[in-house]
Amino acid sequence: MGSDNLFKKRRQERKRRKHEFMTPKANSFLIVTEGKRTEPFYFKGMEKLIKEKIGGAIDVVEAPTIDIHGKGSSTGKLIELTEELVKKAKIMYQHIWVVFDKDDFEDFDEAIKLGENKGYEIAWSNQSFEYWLYLHFYYSDSALHRDKWNEKLDEIFKEYHLGEGYYKKNYEDIYNLVDTYNGVNMAIKNAKRRMAHFNESKDLPSKYDPGTKVHELVVQLKKYLDE
């Protein structure tokens, strides 16, 4: 009986050590989003294109592992959910990204710090992800309510005959729609311009309106499309 217990303890110890010394899987991403529609649809659009591009060359280039979870949760809770996903994951992700907006959440700055302290990369937007989408077409440093960004996207979708002629949150092909006119490269350029004066040690994300760090995640993913 005693030897059985000793065997079980040793087996559990081996499993624990194996998990602790797991090495990150190359080119792997975990992307956890606050929204359940626009954000996950956007990144799933990128994931689809990456997998199509790798195609038969998978034996030469390791396709990124990209798991995207639309959680529809508040900011602080989202960090906790991300931690749970990381613990349950069968692989150790090389890149862990959490995507969320300021909206009306009071714990915005605290959640960013909490996530960063856990080693996660945060793709935040102030006020909303729609600001990031707007940058695919035009530059702006105007502090507008998230509803206004939706209205501006409505005008753009009508002007450029995108989707159904108006903006909505459940376009599954949102990535391709906003990239119709080389929009992703434009958004990266505009976001870098806007964030050029953001000081990590002095500026609070909640006060930097408008602002976004989504481009940092997109740049990481886009390198697989540009190779």
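FYI, the numbering just counts along the sequence from 1.
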K.L.:
Atom CG in N150, atom OG in S128: separation rounded to 0.5 Å?
P.N.:
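These two atoms lie 6.0 Å from each other.
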
K.L.:
Could you pull out all residues at least two apart from D226 that satisfy side chain to side chain donor-acceptor pair (under 3.5 Å)?
P.N.:
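K222.
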
K.L.:
Under 6.0 Å between ring centres, would you say that holds for F29 and F43?
P.N.:
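No, they do not, as the ring centres are separated by 6.0 Å or more.
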
K.L.:
Assess the pair Y42 and Y171: is the distance between their ring centroids shorter than 6.0 Å?
P.N.:
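No, the ring centres sit 6.0 Å or more apart.
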
K.L.:
Taking the side chain as everything from C-beta on, heavy atoms only, tell me whether L221 gets closer than 4.5 Å to V219.
P.N.:
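Heavy-atom side-chain distance check fails, nothing below 4.5 Å.
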
K.L.:
Report yes if some heavy atom in the side chain of T212 is under 4.5 Å from a heavy atom in the side chain of N126; otherwise report no.
P.N.:
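Counting from C-beta outward, T212 and N126 never come under 4.5 Å.
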
K.L.:
Taking all atoms of both residues into account, what is the closest heavy-atom pair of H215 and I188, and its distance?
P.N.:
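The pair with the smallest heavy-atom distance is CB-CA, 4.2 Å.
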
K.L.:
Provide the closest heavy-atom pair for E52 versus K48 in the form atom of the first, atom of the second, distance.
P.N.:
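Distance-wise, the nearest heavy atoms are OE2-NZ, 2.6 Å.
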
K.L.:
Evaluate the side-chain proximity of E39 to D101: yes if any heavy-atom separation is below 4.5 Å, no if none is.
P.N.:
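When only atoms from C-beta onward are counted, E39 and D101 do touch, with a gap below 4.5 Å.
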
K.L.:
Please give me the minimum heavy-atom distance between G211 and M195, naming the atom from each residue.
P.N.:
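Closest heavy-atom pair between G211 and M195: CA-SD, 3.8 Å.
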
K.L.:
Salt-bridged, K77 to E80, with N to O below 4.0 Å?
P.N.:
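The answer is yes: the pair qualifies as a salt bridge.
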
K.L.:
Can you tell me how far the NZ atom of K44 sits from the OG1 atom of T33, to the nearest 0.5 Å?
P.N.:
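So the NZ of K44 and the OG1 of T33 are separated by 8.5 Å.
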
K.L.:
Hey, is the main chain of S142 close enough, under 3.5 Å, to the side chain of S140 for a donor-acceptor pair?
P.N.:
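Between the backbone of S142 and the side chain of S140 there is a qualifying donor-acceptor contact (under 3.5 Å).
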
K.L.:
Take atom NZ of K192 as the centre, draw a 6.0 Å sphere, and report whether it contains more than 12 heavy atoms from other residues, nucleotides or ligands.
P.N.:
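Result for NZ/K192: open.
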
K.L.:
Evaluate the side-chain proximity of I91 to S28: yes if any heavy-atom separation is below 4.5 Å, no if none is.
P.N.:
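Result yes, sub-4.5 Å side-chain heavy-atom pair found.
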
K.L.:
E164: what forms a side chain to side chain donor-acceptor pair (under 3.5 Å) with it, not counting sequence neighbours?
P.N.:
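Listed in chain order: Y166, K168.
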
K.L.:
Ion pair present between E151 and K148, side-chain N to carboxylate O less than 4.0 angstrom?
P.N.:
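K148 and E151: salt-bridged.
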
K.L.:
Going through the checks in order, is the side chain to side chain contact (heavy atoms under 4.5 Å, CB included) test met by L217 and E121?
P.N.:
CA-CA 8 Å; L217 167 55; E121 298 173 273; over 6 Å; no

K.L.:
Report whether M186 and F137 are members of the same hydrophobic cluster (ILVMFWY, side-chain heavy atoms less than 4.5 Å apart, transitive linking).
P.N.:
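No, M186 does not connect to F137 through the hydrophobic network.
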
K.L.:
Could you tell me whether R37 and E172 have a side-chain N and a carboxylate O separated by less than 4.0 Å?
P.N.:
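Here R37 does not pair with E172 in a salt bridge, since their nearest N and O are not under 4.0 Å apart.
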
K.L.:
Is any NZ, NE, NH1 or NH2 atom of the basic residue among E130 and R146 found under 4.0 Å from an Asp or Glu carboxylate oxygen of the other?
P.N.:
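No, no charged N to carboxylate O under 4.0 Å.
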
K.L.:
Only one of V86, L81, T82 forms a side chain to side chain contact (heavy atoms under 4.5 Å, CB included) with E84, so which one is it?
P.N.:
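Exactly one candidate clears the test, L81.
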
K.L.:
Just how far is it from atom CD of Q220 to atom CD1 of I31, taken to the nearest 0.5 Å?
P.N.:
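Rounded to the nearest 0.5 Å, the CD-CD1 separation comes out at 9.0 Å.
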
K.L.:
A side-chain contact here means heavy atoms from C-beta on lying under 4.5 Å apart; do E116 and I122 qualify?
P.N.:
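Side chain of E116 against side chain of I122, heavy atoms only: contact under 4.5 Å found.
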
K.L.:
Going through the checks in order, is the side chain to side chain contact (heavy atoms under 4.5 Å, CB included) test met by V32 and L30?
P.N.:
CA-CA 6 Å; V32 183; L30 172 65; 3.9 Å; yes

K.L.:
Do Y120 and L114 make a side-chain contact, defined as non-hydrogen atoms from C-beta onward lying under 4.5 Å apart?
P.N.:
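A side-chain contact is absent here, since even the closest heavy-atom pair is not under 4.5 Å.
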
K.L.:
How are the rings of Y134 and Y138 set to each other: parallel, tilted or perpendicular (split at 30° and 60°)?
P.N.:
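Because their plane-to-plane angle lies in the 30° to 60° range, the rings of Y134 and Y138 count as tilted.
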
K.L.:
Out of curiosity, D109 CG to L204 CG, how far, rounded to the nearest 0.5 Å?
P.N.:
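It is 4.5 Å, given to the nearest 0.5 Å.
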
K.L.:
So among F198, F129, Y208, which one has a ring-ring contact (aromatic ring centres under 6.0 Å, His included) with W124?
P.N.:
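Per the ring-ring contact (aromatic ring centres under 6.0 Å, His included) rule, the option paired with W124 is F198, out of F198, F129, Y208.
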
K.L.:
Under 3.5 Å, is there a donor-acceptor pair linking the side chains of E216 and W97?
P.N.:
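There is no such pair (donor and acceptor under 3.5 Å, judged by atom type) between the side chains of E216 and W97.
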
K.L.:
Side chains of N176 and D179: donor-acceptor distance under 3.5 Å anywhere?
P.N.:
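Per modelled atom types, N176 and D179 side chains form no pair under 3.5 Å.
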
K.L.:
Tell me, with the steps shown, if L144 and Y131 meet side chain to side chain contact (heavy atoms under 4.5 Å, CB included).
P.N.:
CA-CA 9 Å; L144 302 176; Y131 172 62; over 6 Å; no

K.L.:
Using 0.5 Å steps for rounding, measure from the NE2 atom of H136 to the CG atom of N182.
P.N.:
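Separation between the atoms: 10.0 Å.
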
K.L.:
When L133 is tested against each of L177, V178, V214 for side chain to side chain contact (heavy atoms under 4.5 Å, CB included), which residue passes?
P.N.:
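It is V178; the other options fail the test.
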
K.L.:
CD of E34 to OG of S125: how many Å apart, nearest 0.5 Å?
P.N.:
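Going from CD on E34 over to OG on S125, the span is 9.5 Å.
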
K.L.:
Is the shortest heavy-atom distance from the side chain of V184 to the side chain of V218 under 4.5 Å?
P.N.:
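A side-chain contact under 4.5 Å exists here.
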
K.L.:
With the 4.5 Å side-chain cut-off for hydrophobic clustering, are L153 and Y139 part of the same group?
P.N.:
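Different clusters.
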
K.L.:
Counting the benzene-type ring for Trp, do H145 and W149 have ring centres under 6.0 Å apart?
P.N.:
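Ring centroids of H145 and W149 are no less than 6.0 Å from each other.
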
K.L.:
Are side-chain heavy atoms of N27 and H95 found at a separation under 4.5 Å?
P.N.:
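Side chain of N27 against side chain of H95, heavy atoms only: no contact under 4.5 Å found.
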
K.L.:
Are more than 12 heavy atoms, taken from residues, nucleotides or ligands other than K152, located less than 6.0 Å from that residue's NZ atom?
P.N.:
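Check fails, neighbour count at 12 or below.
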
